[in-house]
Amino acid sequence: TVFLNNDREMPLLGLGVYKTEDSEAETAINAAVKAGYRLIDTASVYKNEESVGKAIAKCGIPRKDLFITSKVWNTAQRLGDIDGAFYRSLERLKLDYVDLYLIHWPVPGCYLGTWQALEKILDSGRALSIGVSNFQIHHLEELKKVSGIIPAVNQIECHPLCYPKELIEYCESEGIQVQAYAPLARGAYFDNDVMCVLATKYARTPAQIGLRWAIQKGISVIPKSVHPDRIASNGNVFDFTIEDEDMAIIDTLDE
């Protein structure tokens with residue numbers, strides 16, 4: 001786990017459920033929980049909060065031991081219906097609170113007002129932490145001008161082929177935890193020569209090398225899968241360390 005800037009703990013590994021069908025959610029979440037995952041990341045726009053909620057209720061893990069994230073979509077931001085969107089997410093998830101609530105995208109002309117609405121949700125205790133997703137440095141700088149609350153998390157695309165070092169370093173300097181979505185690049189680096197050589201060296205899969213690379217940088221990862229064997233394999237990344245020189249080689253794959 002990592003400690004967020006409001007002293008709450010967040011797992012370094014979670015299950016992403018983007019494009020997970022209702023029929024697959026229960027299987028995926030059960031497999032994840034069995035493999036030791038405790039973070040589940042969803043969003044209103046994924047249209048699966050209801051099935052995720054049912055799976056959470058049935059998974060056998062006490063609510064306090066789970067870390068549930070959801071996000072407010074662009075439409076609700078444009079309509080100024082942040083509170084309504086949040087309540088509907090809670091209702092679909094059948095939860096009293098979420099651990100983390102994110103602004104999904106920085107909608108121009110909207111995201112500063114959205115953030116102020118999230119502050120009130122945080123004050124109410126219905127979200128234990130608030131954060132952002134897909135924010136660049138200039139968005140975060142704008143937030144700073146209107147708010148004393150620093151986002152707990154910035155969830156961005158990050159993997160060996162997409163390594164926004166400057167943004168990550170900025171977040172670290174500001175006390176914002178980086179979380180990587182699409183950390184497997186939807187399979188795009190599985191055939192990469194460097195990743196395959198390193199996978200052989202460490203007796204792992206390229207996917208495990210990519211996830212371990214991020215985790216060693218202190219970046220939380222939320223790989224998506226609906227296959228129990230892959231979910232277990234993706235979680236099996238805490239019992240080895242990539243050497244510094246190999247980490248540096250992976251850094252150079254950014255394209």
Side-chain angles (χ1 to χ4, degrees), residues 4 6 8 10-11 14-30 32-33 37-59 61-135 139 143 146-147 149 151-156 179 181-182 220 222 224 226:
L4 303 178
N6 61 343
R8 295 203 167 269
M10 180 175 81
L15 180 73
V17 297
Y18 177 58
K19 288 190 173 169
T20 298
E21 301 293 332
D22 286 345
S23 58
E24 302 168 324
E26 196 172 332
T27 309
I29 288 169
N30 272 336
V33 161
Y37 291 63
R38 293 295 179 266
L39 188 160
I40 311 294
D41 177 277
T42 186
S44 61
V45 78
Y46 299 170
K47 306 281 188 229
N48 59 14
E49 286 174 314
E50 212 165 293
S51 53
V52 166
K54 284 177 187 161
I56 289 167
K58 287 184 187 169
C59 77
I61 302 294
R63 171 67 186 97
K64 68 180 174 57
D65 297 334
L66 294 170
F67 191 103
I68 311 299
T69 301
S70 195
K71 313 176 192 83
V72 61
W73 184 240
N74 307 347
T75 315
Q77 293 193 64
R78 293 191 184 102
L79 294 170
D81 185 29
I82 313 309
D83 238 31
F86 178 75
Y87 269 120
R88 289 190 293 276
S89 282
L90 281 189
E91 181 58 34
R92 287 189 291 264
L93 288 162
K94 294 284 184 277
L95 296 176
D96 298 326
Y97 68 94
V98 291
D99 297 271
L100 179 63
Y101 197 54
L102 304 178
I103 301 178
H104 209 142
W105 286 91
V107 177
C110 298
Y111 68 88
L112 297 178
T114 302
W115 184 251
Q116 287 165 333
L118 258 62
E119 289 181 340
K120 290 179 183 153
I121 290 169
L122 178 69
D123 280 344
S124 75
R126 295 169 295 160
L128 303 186
S129 301
I130 54 173
V132 296
S133 180
N134 298 299
F135 274 49
H139 299 122
L143 269 197
V146 302
S147 174
I149 296 178
V153 170
N154 186 15
Q155 190 183 105
I156 56 172
Q179 186 171 57
Y181 71 76
S220 171
I222 45 171
K224 182 248 165 162
V226 295

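Note that the coordinates shown come from a computational prediction; the quantities given were computed from them, not determined experimentally. What's counted below: heavy atoms across the whole structure, side chains too, no hydrogens, waters or symmetry copies.
Sparse packing is recorded around CG of Asp96, with 12 or fewer heavy atoms of other residues, nucleotides or ligands lying under 6.0 Å away.
Looking only at distances, a side-chain donor or acceptor of Asn154 sits under 3.5 Å from a matching main-chain atom of Phe135. Using modelled atom types, no side-chain atom of Lys71 and backbone atom of Ser44 make a donor-acceptor pair closer than 3.5 Å.
Residues forming a side-chain hydrogen bond (donor to acceptor under 3.5 Å, both in side chains) with Tyr97 (at least two apart in sequence, or on another chain): none.
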When you look at Glu49 and Thr42, which way does the side chain to side chain donor-acceptor pair (under 3.5 Å) test go after all the steps? CA-CA 7 Å; Glu49 286 174 314; Thr42 186; 5.1 Å; no
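Here the closest heavy-atom approach between residue Leu66 and residue Cys59 is recorded as CD1-SG, 4.1 Å. For the pair Leu90 and Arg126, the tightest heavy-atom approach, listed with the atom from each and the gap, is CD1-CB, 4.4 Å. The shortest non-hydrogen separation linking Val226 to Ala28 is CA-CB, 4.1 Å. The heavy-atom pair separating Ala127 from Leu122 by the smallest distance is O-CD1, 3.4 Å. Heavy atoms only, all atoms of each residue included: Leu118 and Gly131 are closest at CD2-O, 4.0 Å. Considering every non-hydrogen atom in both Ser220 and Pro11, the closest pair reads OG-O, 3.2 Å.
Rounded to the nearest 0.5 Å, atoms NE2 (His139) and CG (Asn134) are 9.5 Å apart. Between the CH2 atom of Trp115 and the CD1 atom of Ile149 there is a distance of 7.0 Å, given to the nearest 0.5 Å. To the nearest 0.5 angstrom, Gln116 atom CD is 11.0 Å from Ile82 atom CD1. To the nearest 0.5 Å, atom OG of residue Ser51 and atom OH of residue Tyr46 are 13.5 Å apart. The structure places CD of Glu91 at 8.5 Å from CD of Glu50, a figure rounded to the nearest 0.5 Å. How far NZ of Lys120 is from CG of Asp83: 8.5 Å, rounded to the nearest 0.5 Å.
Between Lys224 and Asp41 there is no salt bridge, since none of the side-chain N atoms of the basic residue sits less than 4.0 Å from a carboxylate O of the acidic one. Residues Arg88 and Asp81 are paired through a salt bridge, judged by an N-O separation under 4.0 Å between the basic side chain and the carboxylate.
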Just distance, no hydrogens or angles: give the donor-acceptor pairs under 3.5 Å from side chains in residues 100-114, sequence neighbours left out.
{"residue": "Thr114", "atom": "OG1", "partner": "Gln77", "partner atom": "OE1", "Å": "3.0"}
{"residue": "Thr114", "atom": "OG1", "partner": "Cys110", "partner atom": "O", "Å": "3.0"}

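Evaluated for a side chain to side chain contact (heavy atoms under 4.5 Å, CB included) with Val98, the options Leu93, Ile130, Ile121 yield exactly one hit, Leu93. Screening Arg8, Lys64, Arg38, Arg63 against Asp99 for a salt bridge (charged side-chain N to carboxylate O under 4.0 Å, His left out) leaves a single residue, Arg63.
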